[in-house]
K.L.:
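This is the structure I want to talk about, given as structure tokens.
Because the structure is a prediction, the values reported are computed rather than measured. In what follows, chains carry the letters A, B, and so on, assigned in the order in which the sequence lines appear, proteins first and then strands, with residues in each chain numbered from 1. Scope of the values below: all heavy atoms of this structure, side chains included, with no hydrogens, waters or symmetry mates.
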Amino acid sequence: MTNTLTGRKEPFEPIRPPEVRMYVCGVNLYGPAHVGHAMSYVVFDMIRRHLEWSGYRVRHVQNFTDVEDRIVARAAAEGRTIQDIADANIARFFREMDALNVTRAHVYPRATHTIPKILEIVKGLVDNGHAYAADGDVYFRVTADTDYGKLSHRHLEDMQAGARIAVDKRKEHPMDFALWTAAKPGEPSWDSPWGQGLPGWHIECSAMVMDHLGEQIDIHGGGHDVIFPHHENEIAQSESYTGKPFVKYWLHNALLRLGDQEEKMTRHLGNIVSIEDALRRYTPDGLRLFLLSSHYRNPLTWKEDAVEAADRGAERLRGALEAAETVVRRTAGSGQDSPPAVALRAAAARAREAFREAMDDDFNTPTAIGELFALATETNRLADGLAKQRSEAGPPEGAVGALTAAAETFRELGGVLGLRLSTTTETSETLERDVRRFVSEEPALAGAVAADGAVPALLDRILEARQAARARKDFQAADRIRDRLGEIGVSVEDYPAGSRWRLR
RNA sequence: GGCGACGUAGCCAAGAGGCAAGGCAGGGGUCUGCAAAACCCCCACCGCCGGUUCGAAUCCGGCCGUCGCCUCCA
């Protein structure tokens, strides 16, 4: 994996294998998250899944920033407490992450619940000369940290020239940053040796890491934009406090962009696509496939066409898995592989190996995804032969074993990427209303289908009625039914073994 | 000004010295009552200019363009 700290790709050797301690920078809770955040969490979810698939035991901690200028400002403006705002956004965040199939971290600490540890570290830094108090604030003394700048690979001198740093007379050095700040009237605050105050932004992560994972961890992740100053300061204060190397591997995902200028998506610029909107328009698998379609260290641009393409790709993968499982469900295996089945088994084994190799190489998801598609083609090829009763496909019984293996491979590898690969059967109220209205309006269904019951069962009965129409060569009615269903979001496909509906 | 990344087919995106994975879209077939899905076939010489090399999209130099960090930010 590529380590931001060294700037190189390095073999992964955790401190205490098979245990891996991983901390991922979480969201500021002043508002809802957007698809850029989703990308970061999908990326680190993929990383965790791959590590676990590789035999590691991952302990995953992700913070919630629930006290900070923006939340405080919003609370004041809306007459709410910061807890109130934080709670609401946490609930929403979990809802959206669950929808995206992001595995939950083991712990989600909050800054406001970590005050004792924060104060302990700040006191320690003051005591050992790495920090100083000034008018109720406490600043980290960057000049006391000899390797300050090592993560972002920059030097104090370089940063001062042309830097947009507001000079604060109380600071010894312009780059000194606040560990603790005196509370202004009306701000939430806690007691401290320096008076009523609240923590600076960077210190919370150091404290939460140490509280929940220890003083030295394996992986620390976050977006590329948080390398400086956030993670740089985190290393500085943590290592100055413990005297030990803080994190072994620093991982950063490149940012998602949006717009004609392809600027990074960020709440400050307002160029945002909310996760809620994204989930309304695309399937979770499609979104994950899109977010993982470029390597995590390369920037990706949110474009409707590209997301749409990924969503269709997800459909293709689902289709291949379903084709395999349908044959397996309907056919008893003979235990004897037909020649094409032997080929599919080999393809599945090859896909698994190539997938692992790609993922082992700094989490190369684009290549790994390519392997999934290659397997889809092989699976469909065999299933297609069977559907057409082609003799070269061999007897159906001879394909069951291989199709089972292919399906298992799909589920296993798809699982590493967090893909569910399940066919949508979730119905909306709109769809339900449309289907019922259609049943009552369509003459060919009169008397054949009652407009009650669950939508999936209803659709099954509609297709049965349509099948009857086809049988009596009433293609006009059959086509009308298919067209009308298409208009309300249900596609119909006819196969030798029967028709199938799918929700789009 | 300092540090860094990127520029591959209509779109998205891997590859990183030996004649360009994959997806989406498009074209042509097969199958089908028709359609869809699926299968088969077709569709790039890698921003520009030099250099190194038997050989470069891959290495080096220059140029052009885009983006990121240096302030809040996943």
K.L.:
Taking for each residue the nucleotide of RNA chain B with the nearest heavy atom, is it A:Leu300 or A:His202 whose nucleotide lies nearer the 5' end?
P.N.:
A:Leu300
K.L.:
Do other residues, nucleotides or ligands put more than 12 heavy atoms under 6.0 Å from A:Gln476 CD?
P.N.:
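No, CD of A:Gln476 has 12 or fewer neighbouring heavy atoms, counting only those of other groups under 6.0 Å.
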K.L.:
When you get a sec, tell me which of B:A14, B:A74, B:C69 is the closest nucleotide to the side chain of A:Pro366?
P.N.:
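Looking only at heavy atoms from C-beta outward on A:Pro366, the closest nucleotide is B:A14.
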K.L.:
Return the nearest nucleotide to the side chain of A:Phe373; candidates are B:C70, B:G23, B:A74.
P.N.:
B:G23
K.L.:
Has A:Asn364 got a side-chain N or O lying under 4.0 Å from the OP1 or OP2 atom of B:G15?
P.N.:
yes
K.L.:
Within the pair A:Arg316 and B:C39, is there a side-chain N or O less than 4.0 Å away from OP1 or OP2?
P.N.:
yes
K.L.:
B:A16 pairs with which nucleotide, Watson-Crick or G-U wobble, both distances below 3.5 Å?
P.N.:
none
K.L.:
State whether the aromatic ring of A:Phe475 stacks on the base of B:G33, taking stacking to mean ring centres under 5.5 Å apart and ring planes under 30° to each other.
P.N.:
yes
K.L.:
Across all strands, who's sitting opposite B:A38 as a Watson-Crick or G-U wobble pair, both distances under 3.5 Å?
P.N.:
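WC or wobble partner is B:U30.
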K.L.:
Of all the heavy-atom pairs spanning A:Pro188 and A:Ile82, show the shortest one and how long it is.
P.N.:
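What the structure gives for the nearest pair is CG-CD1, 3.8 Å.
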K.L.:
Only pairs with both distances under 3.5 Å count, Watson-Crick or wobble alike; so what is the partner of B:C59 in this structure?
P.N.:
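Paired with B:G51.
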K.L.:
For B:C6 and A:Arg257 - does any side-chain N or O of the residue sit under 4.0 Å from the phosphate oxygens OP1/OP2?
P.N.:
no
K.L.:
So, the side chain of A:Asn233 versus the backbone of A:His202: is there a donor-acceptor pair under 3.5 Å, distance only?
P.N.:
no
K.L.:
Does any nucleotide pair with B:G10 by Watson-Crick or G-U wobble geometry, both distances under 3.5 Å, and what is it?
P.N.:
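Base-paired to B:C24.
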K.L.:
Within a radius of less than 6.0 Å around CD of A:Glu353, do more than 12 heavy atoms belonging to other residues, nucleotides or ligands occur?
P.N.:
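Check fails, neighbour count at 12 or below.
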K.L.:
Nearest of B:G33, B:A35, B:A38 to any side-chain atom of A:Ala478?
P.N.:
B:G33
K.L.:
Would you kindly give the CH2-to-C1' distance between A:Trp501 and B:A36, to the nearest whole Å?
P.N.:
16 Å
K.L.:
Measure from the side-chain heavy atoms of A:Pro229 and tell me the nearest of B:C34, B:C70, B:A13.
P.N.:
B:C70
K.L.:
Taking CZ from A:Arg312 and P from B:A38, how many angstroms apart are they, rounded to a whole number?
P.N.:
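Distance, rounded to whole Å: 11 Å.
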K.L.:
So, under a plain 3.5 Å distance rule, would you say the side chain of A:Asp479 forms a donor-acceptor pair with the base of B:G33?
P.N.:
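Answer is yes: a donor-acceptor pair is held.
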K.L.:
Report the residue (A:His224 or A:Arg297) whose heavy-atom-nearest nucleotide on RNA chain B is the more 5′ of the two.
P.N.:
A:Arg297
K.L.:
If we take the P atom in both B:C64 and B:A21, what is their distance in whole Å?
P.N.:
33 Å
K.L.:
Does A:Arg154 qualify as a cation-pi partner of A:Phe228, given the criterion of NZ or CZ under 6.0 Å from the six-membered ring centre and within 45 degrees of its axis?
P.N.:
yes
K.L.:
What does A:Arg500 touch in the nucleic acid at a heavy-atom separation under 4.0 angstrom: a base, only the sugar-phosphate, or nothing?
P.N.:
nothing
K.L.:
Mind checking if A:Thr377 touches a base, just sugar-phosphate, or nothing, with heavy atoms under 4.0 Å?
P.N.:
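Since only primed, P, OP1 and OP2 atoms lie under 4.0 Å of A:Thr377, the category is sugar-phosphate.
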K.L.:
What contact category does A:His37 fall into here, base, sugar-phosphate, or nothing, at under 4.0 angstrom with non-hydrogen atoms?
P.N.:
base
K.L.:
Please check if the side chain of A:His153 supplies one atom and the backbone of A:Leu5 the other of a donor-acceptor pair under 3.5 Å.
P.N.:
yes
K.L.:
What nucleic acid atoms does A:Gly486 come within less than 4.0 Å of, heavy atoms only: base, sugar-phosphate, or nothing?
P.N.:
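No contact.
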K.L.:
Quick one: label A:Val492 by what it contacts on the DNA or RNA (base, sugar-phosphate, nothing), any heavy atom closer than 4.0 Å.
P.N.:
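Counting heavy atoms under 4.0 Å across all strands, the contact made by A:Val492 includes a base.
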K.L.:
Take atom P in B:C67 and the same atom in B:U58, then report the distance between them in whole Å.
P.N.:
24 Å
K.L.:
Is the shortest side-chain N/O distance from A:Lys473 to OP1 or OP2 of B:G33 below 4.0 Å?
P.N.:
no
K.L.:
Of the nucleotides B:A37, B:G33, B:C72, which has the atom closest to the A:Tyr495 side chain?
P.N.:
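Out of B:A37, B:G33, B:C72, the nucleotide with an atom closest to A:Tyr495's side chain is B:A37.
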K.L.:
Look at the side chain of A:Tyr41 and decide which nucleotide, out of B:C70, B:G23, B:A74, has an atom nearest to it.
P.N.:
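Taking heavy atoms from C-beta onward, the closest nucleotide is B:A74.
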K.L.:
Sticking with atom C1', work out how far B:C48 lies from B:G7, rounded to a whole angstrom.
P.N.:
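To the nearest whole Å, 11 Å.
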K.L.:
For A:Glu263, answer base if it contacts any base atom (sugar-phosphate contacts may also be present), sugar-phosphate if it contacts only those atoms, and nothing otherwise; contact means non-hydrogen atoms under 4.0 Å.
P.N.:
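Contact class for A:Glu263: sugar-phosphate only.
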K.L.:
Look through every strand shown and name the nucleotide pairing with B:C3 as Watson-Crick or G-U wobble, where both distances are under 3.5 Å.
P.N.:
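By the stated definition (distances under 3.5 Å), B:G68 pairs with B:C3.
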K.L.:
Over all strands shown, is A:Glu262 touching base, sugar-phosphate only, or nothing at heavy-atom distances under 4.0 angstrom?
P.N.:
sugar-phosphate
K.L.:
What are the two closest heavy atoms between A:Pro299 and A:Arg257, and how far apart are they?
P.N.:
CG-NH2, 3.3 Å
K.L.:
What integer distance in Å separates A:Met175:CE from B:G2:P?
P.N.:
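Interatomic distance, CE of A:Met175 to P of B:G2: 17 Å.
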K.L.:
Is there a side-chain polar atom (N or O) of A:Arg381 under 4.0 Å from OP1 or OP2 of B:C40?
P.N.:
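Affirmative; the distance criterion is met.
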K.L.:
For A:His252, which contact category applies under a 4.0 Å heavy-atom criterion: base, sugar-phosphate, or nothing?
P.N.:
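Contact class for A:His252: none.
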K.L.:
Whole angstroms only, please: what is the CZ-C1' distance between A:Arg70 and B:U71?
P.N.:
10 Å
K.L.:
Under 4.0 Å: is that the gap between some side-chain N or O of A:Asn298 and OP1 or OP2 of B:A14?
P.N.:
yes
K.L.:
Using whole Å, report how far CG of A:Leu372 lies from P of B:C24.
P.N.:
13 Å
K.L.:
Between B:A21 atom P and A:Met359 atom CE, what is the distance in whole Å?
P.N.:
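After rounding, the gap between these two atoms is 22 Å.
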K.L.:
For the C1' atoms, the ones on B:C43 and on B:C59, what distance do you get once it is rounded to whole angstrom?
P.N.:
31 Å
K.L.:
Round to a whole Å and report the spacing from CD1 of A:Ile481 to P of B:C34.
P.N.:
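Computing the A:Ile481:CD1 to B:C34:P distance gives 19 Å.
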K.L.:
B:C69 P sits how many Å from A:Arg154 CZ, rounded?
P.N.:
10 Å
K.L.:
Just checking, is any N or O donor in the side chain of A:Glu96 or A:Tyr41 under 3.5 Å from an acceptor N or O on the other one?
P.N.:
no
K.L.:
What does A:Leu255 touch in the nucleic acid at a heavy-atom separation under 4.0 angstrom: a base, only the sugar-phosphate, or nothing?
P.N.:
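Base, at least one base heavy atom under 4.0 Å.
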K.L.:
With no hydrogens and no angle check, just 3.5 Å: does a side-chain donor-acceptor pair link A:Arg420 and A:Ser422?
P.N.:
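Not at all, the side chains of A:Arg420 and A:Ser422 share no donor-acceptor pair under 3.5 Å.
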K.L.:
Categorize A:Ser491 for me: base, sugar-phosphate, or nothing, with a 4.0 angstrom heavy-atom threshold over every strand shown.
P.N.:
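Result for A:Ser491 = nothing.
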K.L.:
Given B:A74, B:C39, B:A14, which nucleotide is nearest the side-chain atoms of A:Ser294?
P.N.:
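Of all the options, the side chain of A:Ser294 is nearest to B:A14.
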K.L.:
Counting only Watson-Crick pairs (N1-N3 plus N6-O4 or O6-N4) and G-U wobbles (N1-O2, O6-N3), all under 3.5 Å, who is the partner of B:C46?
P.N.:
none
K.L.:
Do A:Asp494 side-chain and B:C34 base share a donor-acceptor contact under 3.5 Å?
P.N.:
yes
K.L.:
May I ask you to say what A:Gly36 touches in the nucleic acid, namely base, sugar-phosphate or nothing, with a heavy-atom cut-off under 4.0 Å?
P.N.:
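Base: the residue A:Gly36, judged by heavy atoms under 4.0 Å, touches a nucleobase.
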K.L.:
Between the base of B:C3 and the side chain of A:His153, is one N or O donor paired with an acceptor at under 3.5 angstrom?
P.N.:
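Side chain to base: no pair below 3.5 Å.
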K.L.:
May I ask you to say what A:Thr367 touches in the nucleic acid, namely base, sugar-phosphate or nothing, with a heavy-atom cut-off under 4.0 Å?
P.N.:
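Base, at least one base atom sits under 4.0 Å.
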K.L.:
Ignoring hydrogens and angles, tell me if any N or O in the side chain of A:Asp218 forms a donor-acceptor pair with the backbone of A:Arg21 under 3.5 Å.
P.N.:
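Present.
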